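As structure tokens, the structure follows; a few thoughts come after it.
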Amino acid sequence: MFKAFFEALFRSWLSIVGSVLTTVSAGVFLVLLVVAELNPGFGGGYGGIVAFLFLPPFFVLGLVLIPLGLARARRRKEPARAPVIDFNLPRTRALATVVGALTVVNVGVVGTATYKGVSTMESPEFCGGACHSVMHPEYAAWQRGPHSKVACTRCHVGSGAEWFVRGKATGVRQLVSVARGTFERPIPTPVENLRPANETCEGCHARDRIMRDRLKVFDRFAEDEGNTWKKTVLLNKTKAVHWHLDGAVRFRSDRRRLVVAEVARPLPDGGVRTWRNEALDGGAALEVFRTMDCTDCHNRPAHAYQRPKDEVDRALASGALDRTLPFVRREGLRLLLKDWPSWDAARAGIATELKAFYAAGYAATVTPGRAEAAATTLFELYQRNVFPEMKVGWKTYPDFRDHEDDSGCFRCHSSDLVSADGAKIPTRCEVCHVTLAEEEEQPEILDALSGE
Ligand code: HEC
Ligand code: HEC
Ligand code: HEC
Ligand code: HEC
Ligand code: HEC
């Protein structure tokens, strides 16, 4: 039976190449499949890509070459005659059995490969790991954020055929630009291509569950010798803030949503109230129209690059950064903000400068070892947020969740936007939060709450 099959096969070099291609790629595929099932994420995402995206085309190519070769061999032998298939011949029956059995195997392999290929392309390891340096910043930030268990595609592709196709179409274009090295650095924020947040976010965050006010304590440190620990206490009026979700607020801005030229909200009586920044009107670049959704405030839910002062303060509060080092808050921040050309330069530069600072002023109290340890922590903070290779710096991707640098809420809640009757979108602090303490060493409110 097999003899007949192989005899037919070896009559043409095309079908020989085809069978080798198919057999080898199927073999490697099956081995990789087993390895991948046994240890997920093997090869840092590349394993899955080799197995499920790179091999199947060779497998299929081989499958196509085999019958092509057979047909050519036959034509050489008996030109101008269509093949006669006679099931009375034992040879034909044997061939048909082998071909039939192999077809079942092939359909199985191609089916598994397609399924695996699609789920590989959906995995965060593929998105973040495969396009390694390109999406490394987003991947790294995602891994540390509150959504590290939420797959990239939950927000970027989501369910539904339309978004699947749209996602794959942009994905393919992105892969091509990665392969050609023509992608933009840093990667622009995909305002147009994001799924409507109400579909993605609200799948997990029910609206009534986010309508509750919250008391928040912020640890802050002064830039003095003792790095004095201070606390800010806010009562966030989260319920009032989430009013926007029902408010159907529309706005016009630049692509990055940084500069808002116009804001409108429908009124209960059917009218519309509009606020304009007269100084900006007509700005040609300001042509993104949006109805506000979650990502106009929580724009970095998964890729929350931190601000340098927040990183240093958190490290001081947690003890990761030695708070007893004189001026470590001031010096640390200064070194993080320096424009280092690469990670290596940052690692070396931060260590050299910090050790020099303590050697010059505090040689008696601060050992080089302590300075070295602090420098290592500082570099870790730097490495989480700054990616020179992708031109991602501290300020590349602003976060709209508060009003740092008069951005975020203050893009609209600002005296620059005025309605026809002279009204402004409210800027009173208490509209958004009650500030119970601002950078105090011993806030009364915390004593009261702790019952002391
Ligand atoms: C919880 C939802 C969510 C998840 C999960 C998520 N993203 Fe994003 N991503 C966003 C949002 C929202 C933006 C737009 C940010 C903005 O407007 O500032 C974004 C922006 C991006 C950008 C554009 C550059 C930038 O930083 O603005 C890239 C690239 C990206 N994401 C890649 C990924 C990868 C890779 C993963 C998985 C490892 C992932 N995302 C997971 C919501 C998400
Ligand atoms: C698959 C479910 C899922 C999706 C989709 C999702 N989230 Fe979340 N989100 C979570 C979980 C779970 C947490 C809590 C993580 C924790 O507490 O560590 C969280 C945390 C958050 C927080 C922080 C809350 C806090 O306590 O400070 C915000 C803000 C948030 N999500 C906004 C969003 C936005 C905006 C989107 C859409 C772009 C989104 N989420 C999509 C599951 C999801
Ligand atoms: C106008 C800006 C804005 C919009 C729009 C917005 N949020 Fe918020 N959200 C805030 C602010 C401000 C807070 C309070 C800060 C905090 O608690 O971290 C907050 C808090 C949260 C929290 C934590 C509150 C808690 O009780 O755990 C979650 C989760 C959240 N928002 C999810 C969402 C989701 C989902 C959407 C879209 C359906 C959304 N937000 C739309 C500004 C906004
Ligand atoms: C795109 C513009 C825009 C942005 C960005 C924006 N807001 Fe608003 N906000 C509005 C408009 C418009 C109103 C309605 C003002 C009015 O009718 O007088 C409003 C009203 C409010 C109100 C009052 C709701 C009430 O009960 O009357 C709160 C609170 C609020 N915003 C908080 C925030 C916070 C916090 C942020 C940032 C996280 C933010 N807003 C970002 C446009 C914006
Ligand atoms: C439009 C809403 C809005 C207005 C108006 C507003 N804030 Fe805020 N503010 C926020 C939000 C949102 C945050 C972030 C809260 C969080 O992270 O939980 C914040 C955070 C802060 C913080 C904490 C900073 C930190 O990280 O240590 C301070 C201090 C503060 N605001 C002071 C003020 C003062 C003073 C005013 C009045 C001049 C004011 N804010 C007006 C929305 C507002």
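Each ligand, and each atom within it, is numbered from 1 in the order the structure gives. Quantities reported herein were computed from a predicted structural model and do not represent experimental measurements.
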I'd like a table of donor-acceptor pairs (distance under 3.5 Å, sequence neighbours excluded) in which one partner is a side-chain atom from residues 347-361, with atom names and distances.
from   : atom 1 : to     : atom 2 : distance (Å)
Arg347 : NH1    : Asp344 : OD1    : 3.1
Thr352 : OG1    : Ala348 : O      : 2.6
Glu353 : OE1    : Arg334 : NH1    : 3.3
Glu353 : OE2    : Lys338 : NZ     : 2.6
Lys355 : NZ     : Glu372 : OE1    : 2.6
Tyr358 : OH     : Pro326 : O      : 2.7

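Distances from ligand 4 to the non-hydrogen atoms of Arg411 include at least one value under 4.0 Å. In this structure, Trp275 has a heavy atom closer than 4.0 Å to ligand 4.
Among residues two or more places apart in sequence or in another chain, the salt bridge (charged side-chain N to carboxylate O under 4.0 Å, His left out) test is passed with Asp406 by none.
The aromatic rings of His413 and His244 stand perpendicular to each other, their planes meeting at an angle above 60°, with 30° marking the opposite boundary. Ring geometry, Trp343 versus His136: the interplanar angle exceeds 60°, so the pair is classed perpendicular (tilted spans 30 to 60°).
Residue Met292 has at least one heavy-atom neighbour below 4.0 Å for each of these atoms of ligand 3: 1 (C). Taking every heavy atom of Phe251 and a limit of under 4.0 angstrom, the matching atoms of ligand 4 come to 1 (C). Atoms of ligand 3 found under 4.0 Å from any heavy atom of Asn236, numbered from 1 in the order shown, are 14 (C), 15 (C), 16 (C), 17 (O). Taking a cut-off of under 4.0 Å to the non-hydrogen atoms of Val263, the atoms of ligand 4 that pass are 12 (C).
Taking the charged nitrogens against the carboxylate oxygens, Glu404 and Lys309 do have a contact shorter than 4.0 Å, which makes a salt bridge. Salt-bridge formation is detected for the pair Glu311/Arg384: a Lys NZ or Arg NE/NH1/NH2 atom is positioned less than 4.0 Å from an Asp or Glu carboxylate oxygen. Under 4.0 Å is where a charged nitrogen must lie from a carboxylate oxygen, and between Asp213 and Lys237 no such pair does. Residues Asp310 and Arg220 are paired through a salt bridge, judged by an N-O separation under 4.0 Å between the basic side chain and the carboxylate. Between Arg329 and Asp224, no side-chain nitrogen of the basic residue sits less than 4.0 Å from a carboxylate oxygen of the acidic one, so the salt-bridge criterion is not met.
Thr238 and Asn236 form no side-chain donor-acceptor contact under 3.5 Å, judged by distance and modelled atom types alone. Side chains of Arg314 and Gln306: a donor on one and an acceptor on the other come within 3.5 Å.
Close N/O approach between Arg265 and ligand 4 is found [any backbone or side-chain N/O within under 3.5 Å].
When all heavy atoms of Asp219 and Lys231 are compared, the closest pair comes out as OD1-NZ, 2.9 Å. Minimum interatomic distance between Arg154 and Cys204 (heavy atoms only, all atoms of both residues): NH2-SG, 3.7 Å.
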Give every pair made of an N or O atom of ligand 2 and a protein N or O atom lying under 3.5 Å apart, one pair per line with both atom names and the distance to 0.1 Å, or write 'none'.
from     : atom 1 : to     : atom 2 : distance (Å)
ligand 2 : 7 (N)  : His147 : NE2    : 2.8
ligand 2 : 7 (N)  : His205 : NE2    : 2.9
ligand 2 : 9 (N)  : His147 : NE2    : 2.7
ligand 2 : 9 (N)  : His205 : NE2    : 2.8
ligand 2 : 26 (O) : Arg214 : NH1    : 3.3
ligand 2 : 27 (O) : Arg214 : NH2    : 3.1
ligand 2 : 31 (N) : His147 : NE2    : 2.8
ligand 2 : 31 (N) : His205 : NE2    : 2.7
ligand 2 : 40 (N) : His147 : NE2    : 2.8
ligand 2 : 40 (N) : His205 : NE2    : 2.8

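Tally of protein N, O or S atoms closer to atom 8 (Fe) of ligand 4 than 2.8 Å: 2.
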